[in-house]
Amino acid sequence: VQLQASGGGLVQAGDSLRLSCAASGLTFSSVAMGWFRQAPGKEREFVATINWSGGYTYYADSVKGRFAISRDNAKKTSYLQMNSLKSEDTAVYYCAAGKFTVRTITSYDYWGQGTLVTVSS
């Protein structure tokens, strides 16, 4: 199984960015996808998750209303659209796949390598 996260970069506060997570080696349409992030010196934290069909999503309070998670099962890809970015969104962002649409890190079986998002103020 491989999850390849991409789309990170350096942006200014208020800008938008879209992350992608391309999956291979698993039945993508039957797994939940999650996005997590880890800021320097901090623990990895939950950002958003989406169920297998895309019909259910759940967000951390810190990103609710600004970020949107989606998926394209035909392309085996999950997306994280990030709008109104703030400096506190600076982190390495990871995508993950698992059986359940939950915020618990340990519930996810497969992880991507991470993509760095830096938001300058």
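Below, all heavy atoms of this structure are taken into account, side chains as well, without hydrogens, waters or symmetry copies.
Looking only at distances, a side-chain donor or acceptor of Asn51 sits under 3.5 Å from a matching main-chain atom of Gly54. Arg103 places no side-chain N or O within 3.5 Å of a backbone atom of Gly34 that could act as its donor or acceptor partner.
A continuous path of hydrophobic side-chain contacts links Val63 to Met82 [ILVMFWY only; heavy atoms under 4.5 Å]. Under a hydrophobic-cluster definition in which Ile, Leu, Val, Met, Phe, Trp and Tyr are linked whenever side-chain heavy atoms come within less than 4.5 Å, directly or via other members, Val31 and Tyr79 are assigned to different clusters.
Atom-to-atom distance recorded for Arg37:CZ and Glu88:CD is 8.0 Å, nearest 0.5 angstrom. Note that CH2 of Trp35 and OG1 of Thr49 are 12.0 Å apart. Values are rounded to the nearest 0.5 Å. Atom OG in Ser70 sits 6.0 Å away from atom CD1 in Ile50 (nearest 0.5 Å). Between atom NZ of residue Lys86 and atom CG of residue Asp15 there is a gap of 14.5 Å, rounded to the nearest 0.5 Å. Separating the CG atom in Leu3 from the CD atom in Gln113 is a distance of 9.0 Å, to the nearest 0.5 Å. Annotation: the span from Ser121 atom OG to Leu85 atom CG amounts to 12.5 Å, rounded to 0.5 Å.
Taking both residues in full, the closest heavy atoms of Ser78 and Ile69 are given as OG-CG1, 4.1 Å, listed atom of the first, atom of the second, then distance. Between Tyr93 and Val47 the shortest heavy-atom distance is CE2-CG2, 4.3 Å.
For NZ of Lys64, the number of neighbouring non-hydrogen atoms (other residues, nucleotides, ligands) closer than 6.0 Å is greater than 12. Counting heavy-atom neighbours within 6.0 Å of Gln2 CD, excluding the residue itself, gives a total of 12 or less.
The other members of the hydrophobic cluster of Phe36, by chain and number, are Phe46, Tyr56, Tyr58, Val92, Tyr94, Phe100, Val102, Ile105, Tyr108, Trp111, Leu116 (side-chain heavy atoms under 4.5 Å, ILVMFWY only).
In this structure, Asp89 and Phe67 have side chains that are in contact, with non-hydrogen atoms separated by less than 4.5 Å.
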Counting only pairs under 3.5 Å, give me each side-chain donor-acceptor contact of residues 17-24, with atom names and distances, residues two or more places apart or in other chains.
none

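Lys99 pairs by the salt bridge (Lys or Arg N to Asp or Glu O under 4.0 Å) definition with Asp109, not counting sequence neighbours.
Under the 6.0 Å distance and 45° angle rule, Arg71 counts as a cation-pi partner of Phe28.
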